[in-house]
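Here the structure comes first, spelled out in structure tokens, and everything after it is commentary.
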There are 2 protein chains.
Amino acid sequence: MKELGTEKKIIIAARNIFIRKGMSGARMQEIADEAGINKALLHYYYRSKEQLFSAVFQEILIQILPQLFSIFKSDLPLEVKIYQLAERYVDFLQEHPEMPLFVLSELQRDPQQLFENLELSKVINLDNLKDQLISEAEKGNIRPISIEQFMINIVSMMVFPFAARPMFQRVLSIEDEAYAELLESRKTEVPKFFMSALRP
Amino acid sequence: MKELGTEKKIIIAARNIFIRKGMSGARMQEIADEAGINKALLHYYYRSKEQLFSAVFQEILIQILPQLFSIFKSDLPLEVKIYQLAERYVDFLQEHPEMPLFVLSELQRDPQQLFENLELSKVINLDNLKDQLISEAEKGNIRPISIEQFMINIVSMMVFPFAARPMFQRVLSIEDEAYAELLESRKTEVPKFFMSALRP
DNA sequence: TAATAAATTAACCATATAGTTTAACTATTT
DNA sequence: AAATAGTTAAACTATATGGTTAATTTATTA
């Protein structure tokens, strides 16, 4: 591993291992090895596995959530927003395909995690989108839809195909490459589908 | 626990613990306790944790997958199919909310799992639905859509809100009860949304 | 009912694992 | 140069954990 600071090396190694094996499946020795350091040194920086995991998980949330929700804040027209969102989601998730399942699993194990050290309201503001949905509906441009159903639908369609990839590939008999193309095509297919659903 | 056969008690206990903690998070002692038996007896019935897990996981897949995919096989009109599906998914997942995340996580850990002992092609047959999508599109009743995109969209919208419940509740500031109602309302909201998206 | 087999238990074993300690060594700072 | 912080190897501790053994109890069968 190149010469980063030790602390950074630890965080990167820990993130890799935790994401691959989950909190309970990861071993401190494994993390030390991945970081190219001694196990004692690992504990020198982070007293316990719990503490290390927490640091890693918080960092991930702080990096991920803004990425995934910042688009909703912008002032772009609804349709543009949806297209941009699809593109960003697919690009991001192609690079971090294990992320959704990891985050959701650990969040299920300990739902408090999300709360700590994270001012959600500052990162995620849906007021703009909410107004947009209302005003577009009033103008007759789209059918009325609640912000909750809107968010759940779009995020589900973007994220779930990554989390459930092994299942979908098996059930639909799709090879790796074809599935990657399919995901890529969703950059435009999902927005088209979505806009069509919203037509009044 | 009531008097079931020991083997059944073990399977039930193991399923509970595995679903709650995952393969690596579960402890054999914990499973024995939950079953109300001795740990040695657990190994008497299932030589290893690996073996017990495999038995449980296979049983779950064999129970779940047909439930989730049988609807697609039927001869009902497309719209009816979609409404029925939404109702069944919500009902099933309200009763087994931890199921999706558990199955997907373990499938990611070991993607081979799905293959063993399971004749997918017999359980899941999408030919009927495929024909339906083509003929309805030819008749001009719906926009053309591939079976793959169709399946991914509908399953994502039905399943993901359960897997990502903790995240959605936090991000959208929804209390437990309200979220349950929201899920219930999706029995009709998702089909409406979906049919609207399919309009030519 | 005595013999045999199956079910069940308590105690045990071996290993893995998180975490600690000590002593030495190296680079950095004062 | 002395002191401080970072780093290593190695041995060690305490405990958790999967798995085993041998003995006991409870059916089953002859």
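Between the side chains of B:Ser185 and A:Gln149, at least one donor N or O lies within less than 3.5 Å of an accepting N or O. A donor-acceptor contact closer than 3.5 angstrom links the side chains of B:Glu7 and B:Tyr46.
A cation-pi geometry, defined here as NZ or CZ lying under 6.0 Å from the six-membered ring centre and within 45° of its normal, holds between A:Arg109 and A:Phe53.
For B:His96, the ring-ring contact (aromatic ring centres under 6.0 Å, His included) partners two or more places apart in sequence, or in a different chain, are B:Phe92. By the side-chain contact (heavy atoms from CB on, under 4.5 Å) test, B:Gln63 pairs with B:Arg15, B:Glu59, sequence neighbours left out.
Distance CG (B:Leu41) to C1' (D:dA22): 15 Å, rounded to an integer number of Å. Taking atom CD on B:Glu7 and atom P on C:dA6, their separation rounds to 15 Å, with Å as the unit. To the nearest angstrom, C1' of D:dT25 lies 16 Å from CD1 of B:Ile37. The distance from atom OH of B:Tyr45 to atom C1' of C:dT9 is 13 Å, rounded to the nearest whole Å.
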Pairs under 3.5 Å (N/O, protein and nucleotides 22-26 of chain C):
none

For nucleotides 17-19 of chain C, tabulate all protein N/O to nucleotide N/O atom pairs closer than 3.5 Å, reporting atom names and distance.
residue: C:dT17; atom: OP1; partner: A:Arg27; partner atom: NH1; Å: 2.9
residue: C:dA18; atom: OP1; partner: A:Arg27; partner atom: NE; Å: 3.4
residue: C:dA18; atom: OP1; partner: A:Lys49; partner atom: NZ; Å: 3.4
residue: C:dA18; atom: OP2; partner: A:Met28; partner atom: N; Å: 3.2
residue: C:dG19; atom: OP2; partner: A:His43; partner atom: NE2; Å: 3.4
residue: C:dG19; atom: OP2; partner: A:Lys49; partner atom: N; Å: 2.7
residue: C:dG19; atom: N7; partner: A:Lys39; partner atom: NZ; Å: 2.6
residue: C:dG19; atom: O6; partner: A:Lys39; partner atom: NZ; Å: 2.9

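Near DNA chain C, meaning a heavy atom under 4.0 Å away, there are no residues from residues 53-60 of chain A.
Applying the salt bridge (charged side-chain N to carboxylate O under 4.0 Å, His left out) test to residues at least two apart or on different chains, the pairs with a partner in residues 175-187 of chain B are B:Asp91-B:Lys187, B:Glu184-B:Lys187.
The line from CG of A:Asn153 to CE of B:Met157 is 5.0 Å long, rounded to the nearest 0.5 Å.
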Practice prompt. Give the C-alpha distance, both sets of side-chain angles, the deciding distance and a yes or no for side-chain hydrogen bond (donor to acceptor under 3.5 Å, both in side chains) between A:Gln29 and A:Asp33.
Written response: CA-CA 6 Å; A:Gln29 183 62 59; A:Asp33 291 347; 3.0 Å; yes
Worksheet entry | Verdict with supporting geometry, A:Lys21 and A:Glu98, salt bridge (Lys or Arg N to Asp or Glu O under 4.0 Å) | CA-CA 10 Å; A:Lys21 310 262 184 112; A:Glu98 341 74 344; over 6 Å; no
Worksheet entry | From CA spacing to verdict: side-chain hydrogen bond (donor to acceptor under 3.5 Å, both in side chains), A:Ser156, B:Ser156 | CA-CA 6 Å; A:Ser156 296; B:Ser156 295; over 6 Å; no
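Contact between the side-chain N/O atoms of B:Tyr44 and the OP1/OP2 oxygens of C:dA6 is not found at any separation under 4.0 Å. For A:Asn38 and D:dA9, the shortest distance from a side-chain N or O to OP1 or OP2 is below 4.0 Å.
In this structure, A:Phe150 has its ring center under 6.0 Å from that of A:Phe194.
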